[in-house]
Number of protein chains: 2
Amino acid sequence: MNKKKPSVLEVAKEAGVSPATVSRVFNNNLKVNSEMKERVLAASKKIGYKRNFYAKALIEGKTNFVGLILTRFEIRHYTGIVSAAESVIDDAGYIFVVTSSKYSKQKEQEKITLFSDLNFAGIVIITVGLSDEEIVDISKKSAPLIIFDRKVKGYEDKCIYFDYCGYQKSITELLINKGHQDILHLCGPTRLQVYKEKFNGYIRAMKENHLSARINYIVSDRATNEAGYNIMKKALKNRKFTAVVCQNDQLAFGAMSAIKEHGLTIPGDISITGFNDVPEAEFTSPSLTTVNFDYAAVGNFIGRKILSEIKKEKFTDSVPFFKIIERKSVKTL
Amino acid sequence: MNKKKPSVLEVAKEAGVSPATVSRVFNNNLKVNSEMKERVLAASKKIGYKRNFYAKALIEGKTNFVGLILTRFEIRHYTGIVSAAESVIDDAGYIFVVTSSKYSKQKEQEKITLFSDLNFAGIVIITVGLSDEEIVDISKKSAPLIIFDRKVKGYEDKCIYFDYCGYQKSITELLINKGHQDILHLCGPTRLQVYKEKFNGYIRAMKENHLSARINYIVSDRATNEAGYNIMKKALKNRKFTAVVCQNDQLAFGAMSAIKEHGLTIPGDISITGFNDVPEAEFTSPSLTTVNFDYAAVGNFIGRKILSEIKKEKFTDSVPFFKIIERKSVKTL
DNA sequence: TTGTACGCGTTATCAT
DNA sequence: ATGATAACGCGTACAA
């Protein structure tokens with residue numbers, strides 16, 4: 001049994017043509033007689049020929065890999081996005097692969113460099129470690145690079161970002177319009193742009209409505225269920241708020257648990273809102289009023305954006321809008 | 001400005017040695033004088049030389065890619081596993097990349113073939129579409145292949161699987177021991193081995209305790225929050241159970257929502273259990289009694305298993321154990 | 001339109 | 001221990 005994979009030479013011999021012709025056939029090169037094409041295809045099939053990806057990559061200096069570098073695989077609301085992006089990119093004939101940086105600046109850098117050295121056709125990254133300047137700098141020598149969920153100065157047109165400030169402001173205003181004045185804000189780590197923006201949105205909503213926001217926010221280092229629970233536990237010791245605006249659904253879930261444990265009802269005693277609309281948000285008790293992030297639309301957008309970048313086509317679509325989903329966790333005072 | 005990347009030839013010229021020597025240096029080949037090594041390293045650094053991955057892959061016929069093929073990125077309890085596996089594999093110097101099949105048998109097949117054609121060092125797949133025979137067959141011509149979360153006949157030693165039957169039986173018995181006799185079982189799609197096994201566990205627990213299981217289970221096509229909600233909605237119309245055993249936490253979340261909406265309390269009127277212990281399970285009201293799946297340990301196990309497979313080393317570790325986490329969702333009758 | 005021959009950058013082989 | 005050279009499999013300029 002001969003283990004060695006057949007190459008163009010074997011196919012050429014089998015089909016009675018030159019290796020160049022075989023190559024042309026597989027490149028959809030038009031300059032090839034249809035009869036010969038048939039012969040080549042038949043011969044390839046017969047001996048089980050497959051193009052060698054690496055020989056091609058070596059000579060062409062490019063590949064059809066598209067890489068996504070996440071922060072962490074565990075981020076609940078990213079998973080649906082990744083899935084949708086994969087569909088678009090797969091369908092376009094590219095090989096889509098995902099990795100993560102685990103919030104390490106060094107790993108972000110290493111993986112961009114790695115994928116670039118591997119001549120990836122395109123890279124999408126969710127980066128929190130690299131500075132704006134570093135990103136601009138790296139992008140100059142890297143494969144086509146798209147930044148997700150962040151606006152980088154001097155690189156805006158390659159960034160996909162959302163008006164988190166505006167959305168967080170809107171949902172805060174929803175609470176204000178329903179009569180709430182003392183509104184607590186549960187923040188994620190504000191060194192990350194996403195959380196910082198949301199924080200700004202909350203502050204603006206409060207200020208514009210002449211409400212005191214100064215001491216009514218708590219910044220946690222991680223935006224998890226657990227953090228929400230722990231923070232709320234403390235906050236309840238000296239409660240002077242009727243509503244809580246959380247920067248994501250997980251914080252809200254944790255906070256809801258603490259509130260109930262404290263013997264308070266939602267939304268009877270305390271109203272609460274989330275952000276992202278993860279699948280669980282509809283099935284908590286009460287169901288959570290939150291900001292819906294259309295995963296499929298966003299993932300699709302990412303896919304089309306990186307593909308247009310690869311093909312150097314214009315891409316002027318504007319980012320999908322989010323919408324507030326009103327459920328049962330907010331009471332009118 | 002010269003865009004072209006330097007090759008071994010440039011380095012060789014710069015260092016005044018032969019290309020072969022340069023190659024040897026970068027392969028940690030011992031047969032090279034330390035003084036020359038210094039010269040080569042210095043020259044490489046000076047002109048910014050980097051090994052070409054594809055030239056190497058072409059001649060060696062192998063790479064250090066390790067691929068993971070998921071079903072879907074959205075599966076909540078897999079994300080932590082992926083993360084842990086990535087750490088192990090990254091640290092071992094391999095390039096770890098993740099994709100998904102979206103439950104398509106064809107995609108499962110395509111991606112295994114793709115990764116094999118790309119000479120991946122190893123592949124891990126969570127497969128639900130391919131039959132046992134097909135897997136055995138494919139494995140013969142593929143890169144080293146590990147199957148996760150499934151026991152494949154004739155391929156057992158390359159499979160990582162758990163005693164889901166036993167665990168589901170145990171948690172059902174927990175309910176029985178607390179006095180429950182009418183226990184509803186919410187199933188995922190039983191065409192998948194994981195769900196089928198859990199189903200068997202429930203049945204065995206009931207039978208061994210001489211309880212009727214025959215009509216007390218409902219099979220859903222998807223094991224989501226929504227499915228749990230919808231199923232429970234219907235089941236409550238003609239309630240004759242005091243407890244519900246769910247095959248995963250999402251089903252339980254949805255069911256809990258429906259139960260509360262129906263005006264019933266948990267665990268007062270109905271006790272409920274989940275499976276997987278996703279992060280939210282601790283923060284529902286009441287917190288959910290469930291089976292804990294140690295994500296970090298399992299991911300680590302996967303990583304070490306595929307690495308041992310790649311290196312053709314023996315690997316006899318046994319799979320991590322799960323444990324039942326008793327929280328507040330079960331009442332003693 | 002088709003074939004010939006060379007080059008991509010590396011490692012392996014065989015001398016030295 | 002080091003160097004010269006072939007070989008990996010493909011794409012393409014150039015010749016036919």
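Residue numbers begin at 1 in each chain, while the letters A, B, ... track the order of the sequences. No experiment lies behind these values; they were computed from the predicted model shown. Both backbone and side-chain heavy atoms feed into the values below; hydrogens, waters and symmetry mates do not.
- In this structure, A:Lys50 places its NZ atom 16 Å from C1' of D:dG9, rounding to the nearest Å.
- Within 3.5 Å, a donor on the side chain of B:Arg24 pairs with an acceptor on the base of D:dG3, or the reverse.
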Audit row: A:Lys46, A:Glu14, salt bridge (Lys or Arg N to Asp or Glu O under 4.0 Å) steps and yes/no: CA-CA 9 Å; A:Lys46 183 176 171 196; A:Glu14 179 72 31; 2.9 Å; yes
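- Remark: C1' of D:dT12 and NZ of A:Lys56 are 12 Å apart, rounded to the nearest angstrom.
- Near DNA chain C, meaning a heavy atom under 4.0 Å away, the residues from residues 14-21 of chain A are A:Val17, A:Ser18, A:Ala20, A:Thr21.
- Residues A:Ile125 and A:Ile147 meet the side-chain proximity criterion, which asks for heavy atoms closer than 4.5 Å.
- Between B:Ile59 atom CD1 and D:dC10 atom C1' the separation is 14 Å, expressed in whole Å.
- Applying the ring pair (Phe, Tyr, Trp, His ring centres under 6.0 Å) criterion to B:Phe53, with sequence neighbours excluded, gives B:Phe65.
- Note: CD (A:Glu10) to C1' (D:dA7) measures 14 Å, nearest angstrom.
- Counting any heavy atom pair closer than 4.0 Å across all strands shown, A:Val32 reaches sugar-phosphate atoms only and no base atom.
- Distance check: A:Gln109 CD to A:Leu130 CG gives 5.5 Å after rounding to the nearest 0.5 Å.
- You can see that DNA chain C meets the heavy atoms of chain A within a 4.0 Å-exclusive cut from C:dT1 to C:dG9, reading 5' to 3'.
- A:Leu9 has its CG atom 8 Å from the P atom of D:dC10, to the nearest Å.
- If you measure from atom OH of B:Tyr54 to atom P of D:dG11, you get 15 Å, rounded to the nearest angstrom.
- Atom CD of B:Glu134 is separated from atom NZ of B:Lys105 by 3.5 Å, given to the nearest 0.5 angstrom.
- Inspection of the A:Ser18 and A:Thr21 side chains reveals an N or O donor paired with an N or O acceptor under 3.5 Å.
- Within the 4.0 angstrom heavy-atom criterion, no nucleotide atom of any strand lies near B:Lys37.
- Formation of a donor-acceptor pair under 3.5 Å by the A:Ser308 side chain with backbone atoms of A:Phe315 is not found in this model.
- With rounding to whole Å, B:Glu38 atom CD is found 17 Å from D:dA1 atom P.
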Trace of the side-chain contact (heavy atoms from CB on, under 4.5 Å) decision for A:Tyr54 with B:Ile59: CA-CA 9 Å; A:Tyr54 298 115; B:Ile59 192 147; over 6 Å; no
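- Using a 4.0 Å heavy-atom distance criterion, A:Ser7 is classed as a sugar-phosphate-only contact.
- If you take CZ of A:Arg51 and P of D:dC8, they are 19 Å apart, rounded to a whole angstrom.
- Residue contacts for A:Tyr49: at a heavy-atom cut-off of 4.0 Å it reaches the sugar-phosphate backbone alone, with no base atom in range.
- The shortest side-chain heavy-atom distance between B:Val66 and B:Phe120 does not fall under the 4.5 Å cut-off.
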